[in-house]
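To start, the structure itself, in structure tokens.
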Amino acid sequence: MAHPTPPLPFPTRASDAHKGDFGSVLLIGGSRGMAGSIALSSMAALKTGSGLVSAAVPDRCLETVASFHPGIMTLPLPDTDDGQFASSATLPSTQSLNAVGCGPGMRTGAGSLRIVEALLQQNDCMRLMDADAINLLSEHQLLDRPALPRDQSTLVLTPHPGELARLTGVSAGDRPGQIAAAKTLVEKHGLTIVVKGGPTVVVGLESAADNRNVIEHVNNSGNPGMATAGSGDVLTGIITSLLGQGLSPWDAARLGVFVHGLAGDAAAAKHSQPGMTCAELLQSLPDVIHSL
Ligand SMILES: NC(=O)C1=CN([C@@H]2O[C@H](COP(=O)(O)OP(=O)(O)OC[C@H]3O[C@@H](n4cnc5c(N)ncnc54)[C@H](OP(=O)(O)O)[C@@H]3O)[C@@H](O)[C@H]2O)[C@@H](O)CC1
Ligand SMILES: Nc1ncnc2c1ncn2[C@@H]1O[C@H](COP(=O)(O)OP(=O)(O)O)[C@@H](O)[C@H]1O
Ligand SMILES: [Mg+2]
């Protein structure tokens, strides 16, 4: 069956390419009880072409996350007795990384806050913040701090309407108001925001340099079967992977939500909307990339 047109082509591979050409990405998150979230993001990054995928997780979640896929490398960070990042946890060096995705399942304790604060300073690295990383931006008003680097054009946020309501104060039910509030944030900080939903809308800047024209892109794939736990965690891995492969935040976000939605459509076609889960969404990724 013909599918909607992608906003841009999926990256292709030269015959002499090696894994270093496709990006080294780090996913940060998880906690005891929510180890699956960051494992989903990491597997989605692998399945959308990242050359190397590492997951930085609370120490006691390491075996769980590592056991989901042998291709995931794991990095243990100090944790608390209840299995979230301890206040002694620090952001791993981003020097050899092409992109970092942070937030799924992370919870919002002192260690998570420290990591998100440090990541906000790293504007020379492509970054994505989702879920609890966004909740920390909201809770501590991190985007309003004077120490925030002015240029955040390398940052992508992927809030669902509840997370965006916390960030902007505009209720989750007011979709036009939420998109308008997202545009204000984009204009102020130069970042890219993926306003999730049916349909997902990507809001960004026409040019990351001095042109501050805010633009939006409405995604044309996906279905309500994707309203299931973990489907946003998969999106985090896809967009982080594309950022790591050298796509701009605007392109990575638009292509990422398109591929994610297409995988959701393939999973629903095979398993039904109520019957599909994040696992089938993940499994559908290779086939839909093949079809592009
Ligand atoms: N397997 C795992 O480990 C998984 C771990 N996960 C991790 O769980 C953590 C909590 O994340 P979360 O998204 O589940 O909860 P939360 O941030 O409180 O948001 C819910 C609130 O927002 C509101 N809301 C309104 N509109 C909405 C909308 N369209 N979509 C969604 N919500 C909407 C909603 O309103 P209501 O439903 O009451 O109308 C409610 O008030 C986070 O770390 C995440 O990564 C998950 O990824 C699942 C798989
Ligand atoms: N009705 C819908 N139509 C299309 N996509 C949807 C719908 N509901 C949810 N989604 C998609 O599913 C994902 C849900 O993300 P999120 O709420 O963060 O999930 P989780 O945190 O459980 O992984 C988003 O990408 C969103 O766009
Ligand atoms: Mg989520």
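Counting convention: from 1, in listed order, for ligands and their atoms alike. Quick caveat: nothing in here was measured; it's all calculated off a predicted structure.
- In this structure, R60 pairs ionically with D79, as a charged nitrogen and a carboxylate oxygen lie closer than 4.0 Å.
- Note on R32 versus D81: no salt bridge recorded, every NZ/NE/NH1/NH2 to OD/OE distance being 4.0 Å or above.
- Evaluation of the side-chain hydrogen bond (donor to acceptor under 3.5 Å, both in side chains) test over residues 8-30, restricted to residues two or more places apart or in two chains, returns H18-D21.
- Looking at D287 and K47, no side-chain N of the basic residue comes within less than 4.0 Å of a carboxylate O on the acidic one, giving no salt bridge.
- Protein residues having a heavy atom under 4.0 Å from any atom of ligand 2 are H160, K196, G197, G198, T200, N223, P224, M226, A227, A229, G230, S231, G232, D233, L235, H260, listed by chain and number.
- Remark: the S241 side chain and the Q245 side chain contain an N/O donor-acceptor pair separated by less than 3.5 Å.
- With no hydrogens or angles considered, no side-chain donor-acceptor pair links D151 and N123 at under 3.5 Å.
- With salt bridges taken as basic N to acidic carboxylate O contacts below 4.0 Å, one links E117 and R145.
- Among residue pairs with one or both ends in residues 216-230, those qualifying as salt bridge (charged side-chain N to carboxylate O under 4.0 Å, His left out) are K183-E216; sequence neighbours excluded.
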When you pair each N or O of ligand 1 with protein N or O atoms, which pairs come out under 3.5 Å?
| unit_1 | atom_1 | unit_2 | atom_2 | d |
| --- | --- | --- | --- | --- |
| ligand 1 | 3 (O) | S37 | N | 3.2 |
| ligand 1 | 13 (O) | H160 | NE2 | 2.8 |
| ligand 1 | 17 (O) | R166 | NH1 | 3.0 |
| ligand 1 | 17 (O) | R166 | NH2 | 3.3 |
| ligand 1 | 18 (O) | R166 | NH2 | 2.9 |
| ligand 1 | 19 (O) | H160 | NE2 | 3.1 |
| ligand 1 | 43 (O) | G105 | N | 3.0 |
| ligand 1 | 43 (O) | D132 | OD2 | 2.6 |
| ligand 1 | 45 (O) | G105 | N | 2.9 |
| ligand 1 | 47 (O) | D233 | OD1 | 3.1 |
| ligand 1 | 47 (O) | D233 | OD2 | 2.9 |

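- Side chains of T236 and D130: a donor-acceptor N/O pair is present below 3.5 angstrom, by distance only.
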